[in-house]
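Here's the structure, in structure tokens; my notes come after.
To find a chain, count down the sequence lines: A is the first, B the second, and so on, and within it residues start at 1. Scope of the values below: all heavy atoms of this structure, side chains included, with no hydrogens, waters or symmetry mates.
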Amino acid sequence: MNRKELEHIAHDWFKQQNWEPFPFQKQTWTAFLQGKNGLLNAPTGSGKTYALWVPIVLEYMKRHPNYKSKPQKGLLAIWVTPLRALSVEIKQAAERFVKDLDVPLTVGIRSGDTSTKERAAQKRNMPSLLITTPESLQLLLATKGYDKIFKNVIGVVVDEWHELVANKRGVQMTLALSRLNAISPSLRTWGVSATIGNLEQAREVLLGVDKERVANSVLIKANIRKKINVLSIIPKKIEKFPWRGHLGLHLLEDIIPILEESQSTLIFTNTRSQCEIWFQNILEKHPEFAGDIAMHHGSMSRETRLWIEQALREGSLKIVVCTSSLDLGVDFAPVDTIIQVGGPKGVSRFMQRAGRSGHQPGKTSVIYFLPTHALELIEASALIKAVSNTVVEDRVPYLNSFDVLVQYLVTLAVSDGFYPETIYPEVKSTFCFQTLTAEQFQWILNFITLGGQSLQAYDEYKRVDIESDGKFKVNSRAVAMRHRLQIGTIVSDSVLNVKFLKGGYIGSIEESFISKLRPGDVFTFAGRQLELFRIRNMQVLVKKSKQKNAKIPNWMGGRMSFSSEMSHLIREELYLLNSNNADKSKELKALEPILIRQNKESLVPNADEFLIETFKTREGYHAVFYPFEGYFVHEAMGSLLAYRLSLLHPISFTIAFNDYGFELLSDQPIDIQAILDNNLFSSEYLRSDLEKSINASEMAKRKFRDIAVISGLVFTGFPSKLVKSKHLQASSQLLFGVFEDYEPDNLLFQQAFTETFEHQLEEGRLQLALMRINSQNIIWKSCAKPTPFSFPIITDRLRAKLSSEKLADRIRRMTIQLEKS
DNA sequence: GACCTGCTGCGGGTTG
């Protein structure tokens, strides 16, 4: 049978399903059958799964013409998905396909949900097509004789590659790929990705830095444009609409008609507590929705979440209030409407959420944007434009994640052991470790065998032995076991499990929240009123309660900052505000009263202007700056400017910031002229000034917590008996301190700082922002009172008390004040 | 006068 004939079979099959084959499918089949690697860019719900199952099966038929009488045993292809939740759907698709085609191939799943028994059975007899997660694949590499499992694999497909490419799970994935490539000579690597700004780079990350290999691969773009209809909910009376806030409950009644008219609706909120609040408020004001409404977020028990997902699929739920937990994965066909409450902070996140509705080829997605404060109308306007111009963010890959490399090398040492001279070039071929030097690699080897320089005295850090032939191998069963338990790059937050007294797991909650409650107190969680009974063994035992006005928990999650694309779009919209342009969006027009007020008290900047406002209140002297660059950049820029100002003249500040700008507050007048005369926005000496200006060590210490866990320096405990997170924090801090004092050139210690500057403070973006400000005219407005622009920032400070002043300075200042009075 | 904050994802031993 030749390739053409085989393709016909597949085409016929597609016809039988009444599916219109997309052009990219044939292109993908051809490239795969030619032995090429590649990246397929296709939206969800476009049949992309089949685009890659088909050629894998075709290749199998081609290789084994008498496959019916003599089916090939062992693993043929691996499908990696970042979400367990997707495994079942992919498995069903694959099974249906091989069954209809009558090919004797077996399909299996291997993930955390797979039982020990099944896992063992699988190891004896691997399915032909294995669906797994990056972590479970890594665990397979920690198995004795893994090379035999993988030696005949012809294809690895990494699904949702855009989700992995910019984090450590992606790094881990590429390390595994580097090994598989060496084991299996006819392996093809394929990624499937949603549209992202840097698709070309995503391909390079997937395939490694070998230029020839990348040049011989293909990048296939599906070119299917999903129609998205964005509608914003505009407050009827902007004068009474708050200048700040994040909940958006003022507009609750405005969405009721939308809920009633839609078959089913997802309401996306930005935080878990906001999700709880919206759910509760809708039910309170519209009890008629009871039974039709549910909520879904990451701290709720998996059981409840799965139930809700199933109900959505079946169309038996009308409304689900959720967080990012429903961004991805499972496709809910009956959902026809999306409501986004508050700014989504990034264009791709917004589009991703919009895409949850009308999830069928050819259908239009509908998303409503509900602003939670006045300035978010600018965001609404910007998002509408972004969607029609298909602006998408880059996903920036990690570089030199030594913690992941340490884990990977121990993984290899746990199974069959490794020879550095074989593994070094493989590691170096990955995007993440392309600049890894022989010295650095040697340092890592020393680290896993001796525990590095400062931990040499402790046996527990000597995990790997060097055997007489030079093989690196773990011989201790205890070390191997602990390592397997801790494979992966996701480090969980410190949480307590919430359970009913009579049993029944509800979800997880932050230690910091629950410690403020006493037995008998009532709180709301997962939409229920719960009375705290007692806390025991990291478990919160509760009873049902009917009491109203319960406290709502907050979780300490990651903070979302504007993406650089989003910041850019916001500025573009802002610059339109002053124009009398007739085609100004209705969102911007609605802002008119606030615009008039801002222009009266201060000014709305144009494209060539950078605004600084100063005013005095009873709190002190305020200076507010508006780069519109997002929270993270403002955090860094605020500290930088405060530091540089204090060099000119001793002064101390309190700094506040949000996505729009930052504020310096002092008890002395702030010399803005000095900022202008001394070029304090210069991007020169950025890193060294930044290092001196912020408490980099404190931030790095927090980053180091994850690094310590991933690299195996800190053990998070056995499944049944988790180590208390406080202990975890303590030991990672202890180690941080040791390295700081005795081994500052420790690569893991240094990595904590690199991550702080590059990922937390976004040094690269800060640099660009400073350059932009330097090219603008700085307009300094001395205002009589807080302006609409400054109000959200200065009130934010009342919550987050972040001070640049040292305790000693503060005490000194307070004493002087006392003396004066 | 304006203000209830901070997402998501995975994994959990061995042998005959």
Side-chain angles (χ1 to χ4, degrees), chain A residues 81-87 110-114 116 119-120 123 132-139 142-144 160 163-164 167-170 172 239-250 268-277 280-281 296-299 302 322-329 342 344-346 349 352-353 372-374 407 414 477-493 510 524 549 551-561 594 631 658-659 709 715-722 786 788 791-800:
Chain A
T81 160
L83 291 163
R84 289 180 298 217
L86 286 179
S87 308
R110 192 184 187 89
S111 75
D113 296 338
T114 316
T116 321
R119 233 182 285 235
K123 215 171 266 179
T132 189
T133 59
E135 287 79 9
S136 284
L137 180 66
Q138 200 77 198
L139 273 159
T143 312
K144 285 197 174 56
E160 316 275 2
E163 281 296 316
L164 300 173
N167 58 43
K168 290 184 184 177
R169 292 181 85 192
Q172 186 172 47
E239 290 81 1
K240 288 206 172 157
F241 200 61
W243 290 4
R244 68 151 301 180
H246 77 282
L247 284 181
L249 290 171
H250 316 74
F268 279 103
T269 58
N270 284 338
T271 71
R272 283 164 282 190
S273 65
Q274 189 180 20
C275 180
E276 299 267 353
I277 292 169
Q280 202 182 352
N281 275 269
H296 191 287
H297 63 66
S299 289
R302 209 147 77 79
C322 60
T323 61
S324 286
S325 54
L326 285 186
D327 265 2
L328 261 188
K345 311 283 179 187
R349 187 178 292 112
Q352 176 70 35
R353 290 177 175 178
T372 60
H373 60 80
Q407 189 187 97
V414 159
R477 274 183 61 174
V479 168
M481 185 183 94
R482 272 172 52 144
H483 182 74
R484 283 198 191 91
L485 285 170
Q486 210 159 310
I487 278 180
T489 60
I490 302 170
V491 181
S492 302
D493 303 328
E510 295 268 332
T524 304
N549 299 329
K551 286 180 185 143
I552 291 160
N554 17 343
W555 286 266
M556 302 243 299
R559 194 157 184 153
M560 287 181 280
S561 183
I594 286 166
Y631 183 89
N658 69 6
D659 273 327
V709 173
F715 182 52
T716 47
F718 294 94
S720 53
K721 238 188 186 175
L722 287 172
F791 187 80
I793 305 174
I794 65 169
T795 49
D796 222 38
R797 172 174 36 78
L798 302 176
R799 287 195 320 121

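Between Ala142(A) and Arg84(A), the residue whose closest nucleotide on DNA chain B is further toward the 5' end is Arg84(A).
The side chain of Lys345(A) has dG6(B) as its nearest neighbour among dG1(B), dG6(B), dG12(B). Closest to the side chain of Arg169(A), from the set dT8(B), dG11(B), dG9(B), is dG9(B). Comparing atom distances between the Met481(A) side chain and each of dG13(B), dG9(B), dT5(B) picks out dG13(B) as nearest.
An aromatic stack links His246(A) and the base of dT5(B), using centre distance under 5.5 Å and interplanar angle under 30°.
OP1 and OP2 of dT14(B) both lie 4.0 Å or more from every side-chain N or O belonging to Arg477(A). The phosphate of dT8(B) (OP1 or OP2) has a side-chain N or O of Thr323(A) nearer than 4.0 angstrom. The phosphate of dC10(B) (OP1 or OP2) has no side-chain N or O of Ser136(A) nearer than 4.0 angstrom. Within the 4.0 Å cut-off from OP1 or OP2 of dG6(B), at least one side-chain nitrogen or oxygen of Asn554(A) is found. OP1 or OP2 of dG12(B) lies within a sub-4.0 Å distance of a side-chain N or O belonging to Arg119(A).
Residue-level contact check: Gly488(A) touches neither bases nor backbone, having no heavy atom under 4.0 Å from any strand. At the heavy-atom level, Ser111(A) lies under 4.0 Å from the strands shown only through sugar-phosphate atoms. Note on His297(A): only backbone sugar-phosphate atoms sit closer than 4.0 angstrom, heavy atoms only; bases stay farther off. Among the atoms of the strands shown, only primed sugar atoms or phosphate atoms (P, OP1, OP2) are found under 4.0 Å from some heavy atom of Arg272(A). No engagement by Arg110(A) is indicated, since no non-hydrogen atom pair under 4.0 Å with the nucleic acid exists. Residue Thr116(A) is classed as having no contact, given no heavy-atom separation below 4.0 Å to the nucleic acid. Ile552(A) comes within 4.0 angstrom of no nucleic acid atom, judged by non-hydrogen atoms across all strands.
When only modelled atom types and interatomic distance are considered, Trp555(A) and Ser299(A) share a side-chain donor-acceptor pair under 3.5 Å. When only modelled atom types and interatomic distance are considered, His483(A) and Gln407(A) share no side-chain donor-acceptor pair under 3.5 Å.
Salt-bridge check for Glu135(A) with Arg169(A): passed, with a basic side-chain N closer than 4.0 Å to an acidic carboxylate O.
If you check distances only, the side chain of Arg244(A) does reach the base of dT5(B) with a donor-acceptor pair under 3.5 Å. One can find a donor-acceptor pair under 3.5 Å joining the base of dC10(B) and the side-chain atoms of Ser492(A).
Once rounded to the nearest 0.5 Å, the distance linking NE2 of His296(A) with OG of Ser325(A) reads 5.0 Å.
Side-chain contact between Asp659(A) and Lys345(A) is present, with heavy atoms from C-beta onward closer than 4.5 Å.
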